[in-house]
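Heads up: the structure comes next, in structure tokens.
Residue numbering restarts at 1 for every chain, and letters A, B, ... go by the order of the sequence lines. Computed from heavy atoms alone, side chains included, the values below leave out hydrogens, waters and symmetry copies.
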Amino acid sequence: MSPQQTDPAAISDRYEPAAVEERWYPIWEERGYFRADPASSKKPYSIVIPPPNVTGSLHIGHGLNNTLQDVMIRMKRMDGFNALWQPGTDHAGIATQVVVERQLAAEGKRKEDLGRAEFVRRVWQWKDESGGTIIRQLKRLGASCDWSRLRFTMDEGLSRAVREVFVRLWDDKLIFRDDYIVNWCPRCETVLSDLEVDREERDAEFVYIKYGPLTLGTVRPETKLGDTGLAVHPKDKRYRQYVGQTLDIPSVDGTVTVRVVADEAVDPKFGTGVIKVTPGHDPTDFEIGRRHGLPVKTVIGFDGKMTAAAGKYAGMDRFEARKQIVEDMKALGLIDRIEPYRHAVGLCYRCKTVVEPLVSKQWYVNVKPLAQEAIKAVRAGKIKIIPRGWTKTYYHWMDNIRPWPISRQLWWGHQIPAWYCERDGSIHVSRTDLTSCPDCGSPVRRDPDVLDTWFSSGLWPFSTLGWPDDTPYLRTFYPTSLLVTSFDIIFFWVARMAMFGLYVMKQVPFHDVYIHALVRDAEGQKMSKSKGNVVDPLELMTKYGTDAFRFTLVALAAQGRDIRLSDERVEGYRNFANKLWNAARLVLSNLDGYDAAAGRRGKPDLAARWIDSRLQATIGAVRAHLKAYRFNDAAGAIYQFVWGEFCDWYLEIAKLDLYRADDPTRRVATQHALVSTLETTLRLLHPFMPFITEEIWQRLPHEGESIMIAPYPKVVRRRVDPEAEREMAVVMGIVAAIRNIRGEMRVAPGLTLSAIVKPGPEAPSALVSANASLIQTLARAAVTVDPQASRPRSSALGVVGGIEIYVALEGVVDLGAERQRLQKEIKRAEDAIAFGRAKLARPEFAERAPAEVVDKEREKVAQQEALRDKLVASLSWVG
RNA sequence: GGCCGAUUAGCUCAGUUGGUUAGAGCGCGCGCCUCACAUGCGCGAGGUCGCUGGUUCGAAUCCAGCAUCGGCCACCA
């Protein structure tokens, strides 16, 4: 490396991120640094991205999620792994379809007006228009994905994977079609899985209805029209006589015929201990009905309106019908009483419409056997969930898993590969499209439903790598190394991937699962569009720089705790980037005459040995923290090292050699220490702050073409130097003690103090003497070392680790003024003491005030006494 | 109802397996435009670690109970 010199004026004293970010990302991408190579002999390391909604845009959660992944993948890539970060996007069935439906609505059209084929074409068009946004934004974030491998859940290849898995599950009898009670959203007109139903507490009326000889309570009187039974607990003596009877109950619209059954599901202590059984509109009732052979009567339709079976209420909205029926029952004297009641109602996760339990024919995956394997994999440690606490949640959900309804009444998605024979209705599931019945040659009709979005995302770790084909990527990178995701999709996604991965590949889809927390606003509120408190990551990146934004998220990403993001935080880390920038500016502008070889030959002085030792410790800490996914600790370790040690101490010390041209050997040695420390630090920091580190690194003497592919720092044992650390601790302690006195005594920073240092057992004279000039400069004090010294008059005392330091005050501070100040403070303290004592002495206070108030007052007095004593002591030395 | 988490400085949070004087950022006070950086430098104030009890030589840390807040799950109509 040739000697170089940079004029400090040539580099801005502010780090300006925009230009740097724009310059480096395209270079990295063009040079192919993001690409993994399945033929490489390096150890593979892979991450699949949680696919964002293809038509979405980057929100703060993506910011955190992808920054963490980028930190890991960049670190591993630098550390010599064959690293693949597999990117892609999700078609997000219902979400995307709703957006396009809204666009149509703006044109005054409904999707039915276009027809299915045309509608789907419109969605594809929308996908093509908006699909690039989130990818561009991820690039803006610095994400080092292998973009040449970008996948989409509805790509030809991934669709083939979906169909293949569907067929295999069908052949294995793990997919079935059944009439079952489902969560139905009357607005979206589709079935929802249990996970897609949000619960919300609502106030309701608990209506006690007279049912012939019995009385029972319900919050849903309108479903009375669909009652086909009554149920009581088998052991409930009160109602035993009715069990088995069929009752004709006079009701609002003629009589209702119900059979009384005994079922364990009934809680005899709740309400009257009798429940009405409406198998058509309640999941519990549906189960009871199945157990006892009660018929299903559907009185509410898929549109949320009462059906023809509801008699005179037919066509009425379900909630209006509820009111009307209560009115009618009141009129007929069928209501015993009404009580207020608060309970959870199910809402559609997309549109918040109250979900209607309805019986309909849907496709299901019997996930129970798959869940068993998924549980085993975690128990056996083949999948490690971090933080550990989430494993219990995972087990609990897997243990209680129910069949997964996978059909959705949408047009956007993977259409179910099943055909019905027009002749006998037989079902034919096929890898290829059918035009006629394989059994009888009759015409066939394809099932119109599409699959739940999570079906295709569940295949993501292997479908993106080429499955069902046996590709080099699949062989090299499956199972993946790490999955980084948020806790809110553990069940939706992580659990499904675990089940599908084990079922299809016979191997876990990932080894480690890191679950990160939620990013909230500065007040701790969940960000939401309706609250208007959404922080736009792009704005933050523009305002403070991408590196600062990334570093903020990482620094705040403590395990198991939500992140409160505020501008002040990002600003703080923007300042950190600026600090680093200026440290680099100092180094770069003092490299004239630099000779790397000569620098290496030189003998490092104490400070150089110290900073090198601290650097090794930092490298070790960062590696350990990243290994354990303690991102915040890793970031904190670097921050502390760069600012608190390298800048605050080493750069100040280095200036001594840099600015003094009388010792060229020392200068070159120090230049070398500076370059080497800074260069290593940049590599250590690169995964967190990719842009600024590359920019500075390129300007520094370095080896290689980019920091992105430079080696990640390793701890060099022989550079760990406990002796240097001990000795520097003494020097720093003395400096701090003198600065402390300067601060307390309000001595101007420009004034040079004179200090006598009396070494103690921990700090031999030789050590202090050897570093006297260092101390002198850092503390701005003329230092005399004297083991026999005793404290002179008019001096301030500092004590550190057995060393005594006497700082002369004569001529430096106005002793008279200082005396006055001390006297004034002593007086104030004494006044406070006197006041406090008087208060305590007053009987009405001492006897009547609460004990803690009295204690507090006593404490205050004691504090003031201690302060006074300290001031008096100071005064004696100043006097 | 079940499970989980949180409670530490004015604010937001760190604090690995129990171990000297409990840390950081922001904010606050004092002094500084010291030739890398005022997005900065030096110094300082500020904490009964939610409460009660227990284990221990020793507890912010482990155990039990309580209080407050938050989250997830759940078919009590």
task: Mind checking A/R220 for me? I need base, sugar-phosphate or nothing, with any heavy atom below 4.0 Å counting as a touch.
output: nothing

- line: RNA chain B nearest-nucleotide lookup for A/V587 and A/F491: closer to the 5′ end is A/V587

query: Within the pair A/R564 and B/U12, is there a side-chain N or O less than 4.0 Å away from OP1 or OP2?
result: yes

query: Are the side chain of A/N183 and the backbone N or O of A/L192 linked by a donor-acceptor pair below 3.5 Å?
result: yes

message: In this structure, how many angstroms lie between the P atom of B/C75 and the CG atom of A/N183, rounded?
response: 9 Å

query: Would A/D263 and A/H233 count as having a side-chain donor-acceptor pair, cut-off 3.5 Å?
result: no

message: Taking the minimum atom-to-atom distance to the side chain of A/D267, which one of B/C75, B/C76, B/C37 wins?
response: B/C76

query: Under 4.0 Å between a Lys/Arg side-chain N and an Asp/Glu carboxylate O for A/E287 and A/R290?
result: no

task: Tell me which nucleotide among B/A77, B/C37, B/C73 gets nearest to the side chain of A/D13.
output: B/C37

- request: Using a 4.0 Å heavy-atom cut-off across all strands, classify A/N740 as base, sugar-phosphate, or nothing.
  value: sugar-phosphate

task: Could you check which nucleotide pairs with B/G27 in any of the strands shown, counting Watson-Crick or G-U wobble with both distances under 3.5 Å?
output: none

query: What is the distance, rounded to the nearest whole Å, between atom CD1 of A/I401 and atom C1' of B/C73?
result: 13 Å

query: If you take all heavy atoms of A/I515 and A/P387, which pair is closest and at what distance?
result: O-CD, 3.4 Å

task: Could you check whether A/R739 gets within reach of a base, just the sugar-phosphate, or nothing at all, counting any heavy atom under 4.0 Å?
output: sugar-phosphate

- prompt: Any side-chain N or O of A/Y341 under 4.0 Å from OP1/OP2 of B/A77?
  reply: yes

task: Tell me the partner of B/U7, counting only Watson-Crick (N1-N3 plus N6-O4 or O6-N4) or G-U wobble (N1-O2 and O6-N3) with both under 3.5 Å; none if nothing fits.
output: B/A67

- prompt: So does A/K392 get a side-chain nitrogen or oxygen closer than 4.0 Å to the phosphate oxygens (OP1/OP2) of B/C3?
  reply: no

message: Classify the ring geometry of A/F631 against A/Y514: parallel below 30°, tilted from 30° to 60°, perpendicular beyond 60°.
response: perpendicular

message: Taking the C1' atom in each of B/U48 and B/A60, what is the distance between them to the nearest angstrom?
response: 12 Å

task: May I ask you to say what A/D285 touches in the nucleic acid, namely base, sugar-phosphate or nothing, with a heavy-atom cut-off under 4.0 Å?
output: nothing

- prompt: In whole angstroms, how far is the P atom of B/A77 from the OH atom of A/Y211?
  reply: 17 Å

statement: What one should report as the nearest heavy-atom pair of A/D194 and A/R402 is OD2-NH2, 2.8 Å

message: OP1 or OP2 of B/U16 versus the side-chain N and O atoms of A/R630: is any pair under 4.0 Å?
response: no

- prompt: Watson-Crick or G-U wobble partner for B/U61, using a 3.5 Å limit on both distances?
  reply: none

- line: Picking from B/G25, B/C37, B/C73, the nucleotide nearest the side-chain atoms of A/R569 would be B/G25

task: Write down the distance separating the C1' atoms in B/G25 and B/G40, rounded off to the nearest Å.
output: 16 Å

- request: Please work out if A/L651 contacts a base, only the sugar-phosphate, or nothing of the nucleic acid, heavy-atom cut-off 4.0 Å.
  value: base

query: So does A/R780 reach the base of B/U34 with its side chain, donor to acceptor, closer than 3.5 Å?
result: no

message: Counting the atoms with a prime plus P, OP1 and OP2 as sugar-phosphate, which does A/E264 contact under 4.0 Å by heavy atoms, base, sugar-phosphate, or nothing?
response: nothing

message: Give me the distance, rounded to whole Å, that separates B/C4 from B/C63 when you measure between the P atoms they each carry.
response: 12 Å

message: Need one value for A/D633: base, sugar-phosphate or nothing, where a base atom within 4.0 Å counts as base even if backbone is also close, heavy atoms only.
response: sugar-phosphate

message: Side-chain N or O of A/W643 versus OP1/OP2 of B/U39: is the shortest distance under 4.0 Å?
response: no

A/N632 CG to B/G25 C1', straight-line distance once rounded to whole Å: 13 Å

- request: Could you measure between the two P atoms, the one in B/U21 and the one in B/U34, and give it in whole Å?
  value: 40 Å

field: A/A555 to A/N632 - nearest heavy-atom pair and separation
entry: O-CB, 3.2 Å

- request: Sort out the partner of B/G1 for me: Watson-Crick or G-U wobble, both distances under 3.5 Å, none otherwise.
  value: B/C73

- line: Rounded to whole Å, CD1 of A/I385 lies from C1' of B/C4 at a distance of 14 Å

- request: Taking atom P in both B/U61 and B/U56, compute the distance separating them and give it to the nearest angstrom.
  value: 16 Å

- prompt: Considering only the P atoms, how many Å lie between B/G65 and B/G2, rounded to the nearest integer?
  reply: 13 Å

message: Please name the nucleotide paired to B/G40 by Watson-Crick or G-U wobble geometry with both distances under 3.5 Å, or report none.
response: B/C32

task: Ignoring backbone atoms, test whether A/R14 places a side-chain nitrogen or oxygen under 4.0 Å from the OP1 or OP2 oxygen of B/U39.
output: yes

query: Does A/R614 count as lying over the ring of A/W649, i.e. NZ or CZ under 6.0 Å from the six-ring centre, within 45 degrees of the axis?
result: no

field: A/H625 or A/V266, whichever maps to the more 5' nucleotide of RNA chain B
entry: A/H625

query: Roughly how many Å is it from CD in A/E571 to C1' in B/G27, rounded to a whole number?
result: 13 Å

- request: Round to a whole Å and report the spacing from CD1 of A/I181 to P of B/C75.
  value: 13 Å

Whole-Å gap separating P (B/G25) and OH (A/Y573): 9 Å

query: Mind checking the P distance from B/U7 to B/C49? Whole angstroms is fine.
result: 14 Å

- prompt: Mind checking the C1' distance from B/G10 to B/G29? Whole angstroms is fine.
  reply: 13 Å

message: Can you see if the side chain of A/N575 gets near the phosphate of B/C37 - specifically, an N or O under 4.0 Å from OP1 or OP2?
response: no

query: Looking at A/R220 and A/E222, does any basic side-chain N land under 4.0 Å from a carboxylate oxygen?
result: yes

